[in-house]
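For reference, the structure discussed in these notes is given below.
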Number of protein chains: 2
Amino acid sequence: MLSKKTKYGLKALTFIARNEGDMPVQVSKIAKSEQIPSKFLEGILLTLKKAGVLGSKKGKHGGYYLRKEPSEILMTEVMRVLEGPIAMVPCVSLNYYEKCDDCPDEHKCSVHKLMIEVRDSTLKVFRNTTLADLSNTKR
Amino acid sequence: MLSKKTKYGLKALTFIARNEGDMPVQVSKIAKSEQIPSKFLEGILLTLKKAGVLGSKKGKHGGYYLRKEPSEILMTEVMRVLEGPIAMVPCVSLNYYEKCDDCPDEHKCSVHKLMIEVRDSTLKVFRNTTLADLSNTKR
DNA sequence: GTAATCCCTACTAAATCGATAGGATTAATA
DNA sequence: TATTAATCCTATCGATTTAGTAGGGATTAC
């Protein structure tokens, strides 16, 4: 299941991509428009900021803005930040590999083989999709 | 993340596919060979039985057996039984569709579009993979 | 009748998720 | 400079899910 965190995060990014002029966008505006609990969203955007996807400006008239063009923000990046590893098992994860306790030999493991295929096909989608696709903006 | 339940279930099915002669295979044998907690596995195989993937024989020399040829057991079926819906959000699930509380219009939802693509690509893998592929048996 | 096996229900500890609370810090502006 | 509006940070909470255990009932081979 996709977590609410990721769902909200994607919606928020889409909103920001669509509403970006010169001014940063406030959490409260996004929360209201997208029906997301404001305090919860606060934490999500903070995470995206720490990961380098968003920038922020504090104080009055502050808010969040994209640090790259929507077309340069890949879903691989966003999903990894919000949802964690793309692979369904650590033993096929590219970025967070871990050996299984059980499994004496990975190459003979039936689950391993299947999960590599799933990972690759999902990765293909995420690598081919940017925030520009989600938000229908051209940049 | 793939649940242990699903992982164990797949390993068990693979084991049964490889070890099937005329005799049913016992939970205890699978558990020992695949390093799975025996009582936990018991419940998993029961689930697979109720779903019609496995058959069982009670009493001495009883055990579990496949109800179809490995090549006829699709991963779509197994994954749905063990892991639940393949879609990451209910609003793109083929078998368990549910509307989102938020989302006034699905067709305009950026998350929706992305998750349909993920679902389709994952589905493609599961539809193209059978237990025979996992277990390297020909049947 | 006994041992081996599946079948069923209930319980538990730990982790995760979704959300809230409360305030510290920063910056614009009146 | 005081006020206000924002981000930033930490802690907490209830509900749910996960992974597993416990204990026994029912069935069958021998």
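Every chain is numbered from 1 and lettered A, B, ... according to where its sequence line falls, protein lines coming before strand lines. Computed from a predicted structure; not experimentally measured. Only heavy atoms go into these numbers, but all of them, side chains included; no hydrogens, no water, no symmetry mates.
A side-chain donor-acceptor contact under 3.5 Å links B:Arg18 to the backbone of B:Ser135.
Against DNA chain C, the stretch residues 46-54 of chain B makes heavy-atom approaches under 4.0 Å through B:Leu46, B:Lys49, B:Lys50.
Between A:Ser56 and D:dA6, a side-chain N or O to OP1/OP2 separation shorter than 4.0 Å is absent. Taking side-chain N and O atoms only, A:Tyr65 has no distance below 4.0 Å to OP1 or OP2 of D:dT7.
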Task: Full working for side-chain contact (heavy atoms from CB on, under 4.5 Å) between B:Val125 and A:Leu114 - done: CA-CA 8 Å; B:Val125 173; A:Leu114 178 63; 4.2 Å; yes
- [ ] Starting from the C-alpha separation in whole Å, work towards a yes-or-no answer on side-chain contact (heavy atoms from CB on, under 4.5 Å) for A:Val111 and B:Leu2.
- [x] CA-CA 10 Å; A:Val111 178; B:Leu2 195 75; 4.0 Å; yes
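Taking the side chain as every heavy atom from C-beta outward, B:Arg119 and B:Ser93 never approach each other to under 4.5 Å. Contact of the A:Pro85 side chain with the A:Asn95 side chain is not registered, since no non-hydrogen atoms from C-beta on lie closer than 4.5 Å. No side-chain heavy atom of B:Cys100 sits less than 4.5 Å from a side-chain heavy atom of B:His112.
Residue B:Leu45 contributes atom CG, which lies 8 Å from atom P of C:dC6 at whole-angstrom precision. As a whole-Å value, the separation of A:Ile30 CD1 from D:dA6 P is 12 Å. Atom-to-atom, CD1 of A:Ile16 to P of D:dA6 comes out at 14 Å; the value is rounded to the nearest Å. Taking atom CD on B:Gln26 and atom C1' on C:dA3, their separation rounds to 13 Å, with Å as the unit. In this structure, B:Ile44 atom CD1 and C:dC7 atom C1' are separated by 15 Å, rounded to whole Å.
Around the CZ atom of B:Arg80, the shell of radius 6.0 Å holds more than 12 heavy atoms that belong to other residues, nucleotides or ligands. Applying the 6.0 Å contact sphere to NZ of A:Lys108 captures no more than 12 heavy atoms from other residues, nucleotides or ligands.
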Task: Sugar-phosphate or base contact per nucleotide [nucleotides 15-30 of chain C; S, B, -; heavy atom under 4.0 Å] - done: ---SSB-BB--BBBS-
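Overall, the helix from C:dG1-D:dC30 to C:dA30-D:dT1 carries an axis bend of 0° between its ends, with five pairs at each end and the value rounded to 10°.
If you take CE on A:Met23 and NZ on A:Lys29, they are separated by 8.0 Å, rounding to the nearest 0.5 Å.
Put simply, the residue from A:Thr129, A:Asn136, A:Asp133 that forms a side-chain contact (heavy atoms from CB on, under 4.5 Å) with B:Lys113 is A:Asn136. Exactly one of B:Val78, B:Leu54, B:Leu134, B:Thr130 qualifies for a side-chain contact (heavy atoms from CB on, under 4.5 Å) with B:Ile73. That residue is B:Val78.
Contact annotation for B:Gly43: no contact, since no heavy-atom pair falls under 4.0 Å across all strands.
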